[in-house]
Undergrad: 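Handing you this structure, nothing more for now.
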Protein chains: 2
Amino acid sequence: MPKQKHEALQIQFGEHIQKIRLKKGLSLRSVAANCELDDSNISKIENGKFNVQLSTIVELAKGLGVEKRELLEF
Amino acid sequence: MPKQKHEALQIQFGEHIQKIRLKKGLSLRSVAANCELDDSNISKIENGKFNVQLSTIVELAKGLGVEKRELLEF
DNA sequence: AATATTGCGGTTATAAATTACCGCAATTTG
DNA sequence: CAAATTGCGGTAATTTATAACCGCAATATT
């Protein structure tokens, strides 16, 4: 059945997120420290495992210290 | 239990989406015709009922004919 | 070398999004 | 007026995200 219908999108998003994080020299745990997500889940997001929700995008932006719009610039 | 933890965010997003749609003079059904979402669900999104997923944001952008980043500019 | 940090995979439970319909009441259009 | 359009609420089934952990292997730090 529909398993992983949006994988390509999730991977693109994950790579984008990781690029932003690494450019800032942040660790997964330091991002997690600034938002309501834990590092293992951020890792999964970066690796394209999740089709994240709006609220999660907002948390990521908070954790990364960027505007949410930037997370969709990929 | 946690029912509607992100309601404020969802409502803001919904209002933003609707504003874009109305500015373009589109009906819910015409937006739906350009993407993989049905009009009743777009209505629910506009009314803040859903914490939409990334793939849904991308579909909305397609349906509305705008860049996905614009959907997070609110 | 010993310790800490880091990335990441796994798990289980729970809440929720999505799909794909129906149908109505109100407004618009011909 | 008649017909079409429109916004939107409801539903059921299915899939999925998320939270909140654990722990390990590799790398970095002291």
Side-chain angles (χ1 to χ4, degrees), chain A residues 1-66 68 71-72 74, chain B residues 1-66 68 71-72 74:
Chain A
M1 298 289 87
K3 186 163 284 189
Q4 295 305 64
K5 286 198 348 189
H6 310 286
E7 197 166 4
L9 175 64
Q10 295 172 199
I11 288 174
Q12 279 188 297
F13 180 74
E15 288 174 345
H16 179 60
I17 295 302
Q18 187 171 65
K19 205 162 287 180
I20 292 173
R21 178 174 65 82
L22 296 178
K23 185 165 294 176
K24 293 208 160 199
L26 301 172
S27 69
L28 290 174
R29 283 177 173 81
S30 70
V31 173
N34 294 319
C35 67
E36 302 296 320
L37 299 169
D38 95 14
D39 65 283
S40 80
N41 289 327
I42 298 172
S43 168
K44 286 161 194 156
I45 292 167
E46 287 189 354
N47 287 291
K49 308 282 174 51
F50 293 131
N51 187 2
V52 294
Q53 293 179 308
L54 175 63
S55 58
T56 304
I57 296 176
V58 170
E59 285 301 315
L60 282 170
K62 184 164 59 158
L64 290 167
V66 299
K68 56 183 176 309
L71 302 195
L72 287 198
F74 64 95
Chain B
M1 301 287 86
K3 186 163 283 189
Q4 296 305 66
K5 287 199 346 190
H6 309 286
E7 198 167 3
L9 175 64
Q10 295 172 199
I11 289 174
Q12 279 189 297
F13 180 74
E15 288 174 344
H16 180 59
I17 295 302
Q18 186 171 66
K19 206 162 287 180
I20 293 172
R21 178 174 66 82
L22 294 179
K23 186 165 293 177
K24 292 207 160 200
L26 301 172
S27 70
L28 290 174
R29 283 176 174 82
S30 70
V31 173
N34 293 319
C35 68
E36 302 296 319
L37 299 169
D38 94 15
D39 65 282
S40 80
N41 290 326
I42 299 172
S43 168
K44 286 160 194 156
I45 292 167
E46 288 190 353
N47 286 292
K49 308 285 175 51
F50 293 130
N51 187 2
V52 292
Q53 294 178 309
L54 175 62
S55 57
T56 304
I57 295 175
V58 170
E59 284 301 314
L60 281 171
K62 185 163 58 158
L64 289 166
V66 300
K68 58 183 173 311
L71 301 196
L72 287 198
F74 66 96

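Lettering of chains follows the sequences in order, A, B, ..., and the numbering in each one begins at 1.
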Undergrad: Just by distance, do the side chain of A:R21 and the backbone of A:L26 share a donor-acceptor pair under 3.5 Å?
TA: yes
Undergrad: Students often get this wrong, so: under 4.0 angstrom with heavy atoms, is A:N51 touching a base, only sugar-phosphate, or nothing?
TA: sugar-phosphate
Undergrad: To the closest 0.5 Å, what do you measure between CG (B:L28) and CD (B:E46)?
TA: 5.0 Å
Undergrad: Mapping B:S30 and B:D38 onto DNA chain D by nearest heavy atom, which one lands closer to the 5' end?
TA: B:S30
Undergrad: Calculate the interatomic distance between B:H6 atom NE2 and C:dA16 atom P; express it in whole Å.
TA: 8 Å
Undergrad: Any donor-acceptor pair under 3.5 Å joining the side chain of A:K44 to the base of C:dG10?
TA: yes
Undergrad: Tell me whether the side-chain N/O atoms of B:K49 come closer than 4.0 Å to OP1 or OP2 in C:dA16.
TA: no
Undergrad: Which comes earlier along DNA chain C counting from the 5' end, the contact point of B:V52 or that of A:R21, where each point is its nearest nucleotide?
TA: A:R21
Undergrad: Give, for atom CG of A:N34 and atom CG of A:L64, the distance between the pair rounded to the nearest 0.5 Å.
TA: 9.0 Å
Undergrad: So, is B:S27 close to the D:dT6 phosphate, meaning a side-chain N or O under 4.0 Å from OP1 or OP2?
TA: yes
Undergrad: So, under a plain 3.5 Å distance rule, would you say the side chain of A:N47 forms a donor-acceptor pair with the base of C:dC8?
TA: no
Undergrad: Which residue in the set A:L54, A:I57, A:N51 passes side chain to side chain contact (heavy atoms under 4.5 Å, CB included) when paired with B:Q53?
TA: A:N51
Undergrad: Does B:Q53 put a side-chain nitrogen or oxygen below 4.0 Å from OP1 or OP2 of C:dT18?
TA: yes
Undergrad: Which one, D:dC8, C:dG7, C:dT18, comes nearest to the side chain of B:R29?
TA: D:dC8
Undergrad: Quickly work out the B:L28 CG to C:dT27 P distance and round it to whole Å.
TA: 16 Å
